[in-house]
Amino acid sequence: MTYLRDALTARVGEFIQLRRDIHRHPELAFEEHRTAELVASRLEAWGYSVHRGLGGTGVVGTLKRGNSQRRLGLRADMDALPIQETTGVEWASSKPGLMHACGHDGHTAMLLAAAQTLAHDTTWDGTLHLIFQPAEEGGGGAVRMMQDGLFDLFPCDAVFAMHNMPGVPAGHFVFRDGAAMASSDYVTIQVHGRGGHGAMPHRSADPLVAAASIVMALQTVVSRNVDPLHTAVVTVGAMHSGQANNVIPALATLELSVRALDADVRQLLEHRIKALVAAQAESFGVRAEVTWKPGYCVLVNALNETNFARQVAVNMVGAERVTLQGPALTGSEDFAFMLEKMPGSYLLIGNGDGDSAGACMVHNPGYDFNDDNIEIGARYWVNLTKAFFEH
Ligand SMILES: [Zn+2]
Ligand SMILES: [Zn+2]
């Protein structure tokens, strides 16, 4: 154990540089060619057998030792976001309008640092699959990898993933069993009316007024239909209609983000929103079309695997730096689809709190992954892997 600590500590600078290199060269969903090749070539150099191009740009590295039948999957995500970076750091994005604003550069670097340490460590016994997925940010890269046979080609007994969390002290770990992150559906409502002269509204069917009323009526779905003890979000994030002050338009469009923390509430939201929109449209003499695009499902962490992951963290950093049951989040995450098929757990590592740089929230132009976490995150993966195979 002492040897491992020294080896990982000695090499961590290399992975901080690697993280900054990935940060400088961000790539959007399914375009992570440079990042994937960087991951694949490193894994190969350390003796992993590497599968490229799973789910587009996904990479799986496998290392098998000894005779144990136990199989473990660890996942990191690789994609960046279409945001113009404002951090001003030396390793800032070299691509205008594109940056690693969610720390996936750090997740990749942490898992690679663990991969190298585990490759040099001959004391464990089992099959380790390191899953580097594309397109976590809405593109469903996890699903694409699964459609390409991820768990048929690389069967696992459990899967784990780690995400950084601004607002939590750096190096602290946060766990939650049960529903931990929300489902997220993308809903478009098109209100078709009859356009006309703004001076003669009685000769039109105004979709803009109907859409405005629908926006207000939608506020009652969460407050009046969902059990107050359950979680739901209905956000109207976009509303488009009309071009001139004296013209009644023929069309109004609304775009919604709809979220829930359990499948029943998710269904109720769909049922109520569709019914409410239809009734509202009828009352205004217009026609509404609802397009429901299912996004990520609710992320549910398995109890046993979460307990195991908690224990690894407590043993490593002490109970005072571990939150055993953190709050559920209304954000969503496509690791949820892997957890639908496989027991496992999704955990958080604090990126920094208070006035520290790491406290800046993800998806913000000023966000940067906290490099102090690379060593602790990698060590956590190493410890979890070794503990898993000792089970
Ligand atoms: Zn994100
Ligand atoms: Zn993320």
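One-based numbering, in listed order, for ligands and for the atoms of each.
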**Message:** the Zn ion (ligand 2) and His107: any N/O/S contact shorter than 2.8 Å?
**Reply:** no

**Asked** Hey, is there an N, O or S on Glu137 sitting under 2.8 Å from the Zn ion (ligand 1)?
**Response** yes

**Prompt:** Aromatic rings Phe369 and His107: how do their planes relate, parallel, tilted or perpendicular, breaks at 30° and 60°?
**Reply:** perpendicular

**Request:** If the plane angle is over 60° it's perpendicular, under 30° parallel, otherwise tilted; pick one for Phe173 and Phe175.
**Result:** parallel

**Request:** State whether the side chain of Trp46 and the backbone N or O of Ala115 hold a donor-acceptor pair below 3.5 Å, judged by distance alone.
**Result:** no

**Asked** N/O/S atom of His104 under 2.8 Å from the Zn ion (ligand 1), yes or no?
**Response** no

**Prompt:** Of all the N, O or S atoms in His163, which one sits nearest to the Zn ion (ligand 2)?
**Reply:** NE2

**Prompt:** Do we get Arg71 above Phe154's six-membered ring, with its NZ or CZ under 6.0 Å from the centre and within 45° of the axis?
**Reply:** no

